[in-house]
Participant: 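Mind having a look at this structure? Questions to follow.
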Amino acid sequence: MDPQFLLIQATSGFTMAMILFLVASGLTLLFGVVNVFNFAHGSFYMIGAYLAYTCVSVLGFNFWASLVLAGLGAGVFGMLMESIFLRRIYGRAEEAGFQILLTYSFILIIDDLVKLVWGTEYKSISRPPGFSGAVELFGVLVPTYNLAIIALGLIVAVAAWLLLSRTRAGRIARATAIDREMLSTLGVNVPLTLTVVFGVATALGGLAGALAAPLRSVTPGAGIEVIIDSLIVVVLGGMGNFWGAFLGAIILGEVNAFAVAFVADWASLFSFIVMIVVLIFKPQGLFSPAKVRKA
Amino acid sequence: MRRSGWKIAMALSLAAVLLFPLISGAQEKVIKIGALYPMTGRAGLYGLDSVAAMEMAIAEINAKGGAAGYKLDALYTDSKVKPDYAVHVAKRYIEEDKVNFLFGTVSSGVALAVTEVSKQYKKIFIGTDAAATELTVDNLQPYYFRVSNDTFQSMAAGALYLKGMQAKKPWKKIAFIGPDYAYGHSQWNELRYNLDKLGVKYEVVGEHWPKLAQPDYTPFITTILNQKPDILVAGFWGGDTVAFIKQALPYGLFDKMLYFHPDAGGNYELMSAMGDELPNGLILGARHYNNWPETEGNKAFVDDFHKHTGRYPSYCAEAAYEGIYAIAKAVEKVGNPDDTEALVKAFEGMKLKMPEDPDGFTSYIDPASHQIVQVQAIGVTEPNDKFPPAKKMLGQWKVFKAEDLMPPKDFIEAHTKK
């Protein structure tokens, strides 16, 4: 086997992994850290992509500024959804079930809203100026836009890790997963914390959607397509750990890249096989930090 | 005051109840069409374009007095691209709404389920898009008719195109990429069947099966580049084409091989979504083109659609439009929409001058397979901004004779024996 081709595939896998990680990062933050499951995470990814489309193609804004606006827009929408709807079911006996039902219904609602606002035609935006080509690194061709995504993926991973483990706000956010009652006894405004975390998570989803928009077609229904892969990434990595999700994304990306090259007929099966194997041997995921688990 | 207001309301409602039978009596002669199209999700575009085209045709026909004195009336339901749900709606259409015709579907999975309902209830089902060859071969039943071409016809035209190209610019190595379900697999099988039948020599260097709506094609792209085919045959559906092309562009894939996508690659929504980014020189085909043939009929259809909706139609609109005309024509001939067996006879062999017919050719429904027989054209992307927001359209057309594209006997026999 040509070693150069192995390097090329490994690079493809890593590129794929970084987008997977960015899309999954918001879900990791919610599901892994504050233990709220947002089935509609993919829909915020979609909202981000559409907002970026409007900013870039309709309003003519700079691409990078549009990324930020798309993230913020998705975050605001996320906070509204959390504070108006999701907040009402916290603390119910079957909270987890209600979370899935409620957030699932938002997939349908957001799909229809998007259809009303933007129509059903496929939308697409161009890569930003200067990022439409590719560069050769160690004999491997890598699109420059993918390099930007890799850089952003690393920045998000490091920033989230610092924020969650080294700051008071991060510790409070993690504590909401363990004991909300105790936290509010200690004087923390738990509902506000959850709203903010929800906003950050949906903003990350929106940012990922905006970033992916130049590489994909923006269509209604785009949200449901990314949620399964994101879930695999979160579960593979283990709850409560951004590095876990990071590693989960890399495993998924690399497995996919080599499956496509060597077992073409069964390629799409492999990500699930890997997940099953991991869950058999490490049911809590690869990185499951004991201190964050519930007693 | 209050009492008299109440009395007026009573009188009005009484009058309405009494008058109602008269009003509905006046409209009794109606042809009811039960349409099933996806209206949400990523297939929603095709459903909404089909519905808009149906409404156009219905308004045109009704304005001229309808068919045999009957007005056309359609019911629309979102198929949700779910076969079991579509079956439920089709049965409701027949049992409760008493429709005369079932109509539509984009997804072949939905069409294959609804055609069984049509068979069971002996209710004519006009297929306007779903392209699985099975519908008019393996699973053909007496009450199904399709007014758009199937994948076999696209692939037969594709094979003829590739054969013609080999004579001029020799190619040998070929690879395929398409979605990993029936639609992708039948395209690839039918293309190879037709290439073999034509005696074309080629070597397959790769077959790739991403899932439908695969978000990321990077590993596929680098693998294909490593396999170095002369021609990459693509069988993507919908927005997947956009995603693949965008992701393959920085790798220079389109400079290193010919991109050949004869069934759905030439859909207008690809041109409108990609604008300037769409590379020149891609060889693409579709079921209907906004800029070919340049006949009065096609121009009128495309312009009318644009006037009604503010956008140019995707390929699926034309067959939905023509399907309504086919129904009107059959009812006109039979004199009523209820004599199913006579209507079946009217559809068999029916000639339909469609927007996509070039001058000198008229599409017709093959009596044996119930499949419309049509000319196919395949074009090459080139700059053209007459259909905004698209900046590129197809040109340099190659046109293939309708009769050369129908599944031959041995293909039909091999598929219906089971």
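Chain identifiers are assigned alphabetically (A, B, ...) following the order of the sequence lines, protein sequences preceding nucleic acid strands; residue numbering begins at 1 within each chain.
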Participant: Can you tell which part of A:Ala261 gets under 4.5 Å to a heavy atom of chain B, answering side chain, backbone, both or neither?
Facilitator: both

Participant: Hey, does the side chain of B:Asn267 reach the backbone of B:Glu269 with a donor-acceptor pair shorter than 3.5 angstrom?
Facilitator: no

Participant: Heavy-atom pairs under 4.5 Å with chain B are the metric here; pick the option from A:Ser132, A:Gly221, A:Pro214, A:Gly13 that has the most.
Facilitator: A:Pro214

Participant: Does the side chain of B:Thr222 pick up a donor-acceptor pair with the side chain of A:Ser12 at under 3.5 Å?
Facilitator: yes

Participant: Tell me, out of A:Ser126, A:Ala259, A:Ala134, who's got the most heavy-atom pairs with chain B below 4.5 Å.
Facilitator: A:Ser126

Participant: Can you tell which part of A:Ile125 gets under 4.5 Å to a heavy atom of chain B, answering side chain, backbone, both or neither?
Facilitator: backbone

Participant: Can you say whether A:Ala10 sits under 4.5 Å from chain B via the side chain, the backbone, both, or neither, judging by heavy atoms?
Facilitator: neither

Participant: Identify which of A:Pro220, A:Gly133, A:Ala222 forms the greatest number of heavy-atom pairs closer than 4.5 Å to chain B.
Facilitator: A:Pro220

Participant: With no hydrogens and no angle check, just 3.5 Å: does a side-chain donor-acceptor pair link B:Thr40 and B:Asp78?
Facilitator: yes

Participant: Quick one: CD1 on A:Ile250 to CE on A:Met18, what's the gap to the nearest 0.5 Å?
Facilitator: 4.5 Å

Participant: Checking side-chain polar atoms at under 3.5 Å, does B:Ser148 have a donor or acceptor matched by the opposite partner on B:Tyr315?
Facilitator: no

Participant: Less than 4.5 Å to any heavy atom of chain A: does that hold for the side chain of B:Tyr46, its backbone, both, or neither?
Facilitator: side chain

Participant: Does any backbone or side-chain atom of B:Glu277 lie under 4.5 Å from a heavy atom of chain A? Answer side chain, backbone, both or neither.
Facilitator: side chain

Participant: Hey, which of B:Ser272, B:Ser314, B:Ala243 has the most heavy atom pairs under 4.5 Å with chain A?
Facilitator: B:Ala243

Participant: Based on non-hydrogen pairs under 4.5 Å, which of B:Pro210, B:Gly47, B:Gly206, B:Gly44 is most in contact with chain A?
Facilitator: B:Gly44

Participant: Please tell me whether B:Lys246 and A:Ser124 have a donor and an acceptor in their side chains that are separated by less than 3.5 angstrom.
Facilitator: yes

Participant: Does this structure show an ion pair linking B:Arg287 with B:Asp263, if we count only N-O contacts that are shorter than 4.0 Å?
Facilitator: yes

Participant: Return yes if some donor-acceptor pair links the side-chain N/O of B:His261 with the main-chain N/O of B:Phe236 below 3.5 Å, else return no.
Facilitator: yes

Participant: Between A:Leu141 and chain B, which part of the residue has a heavy atom less than 4.5 Å away: side chain, backbone, both or neither?
Facilitator: both

Participant: Please state whether the side chain, the backbone, both or neither of B:Gln227 comes within less than 4.5 Å of a heavy atom of chain A.
Facilitator: neither

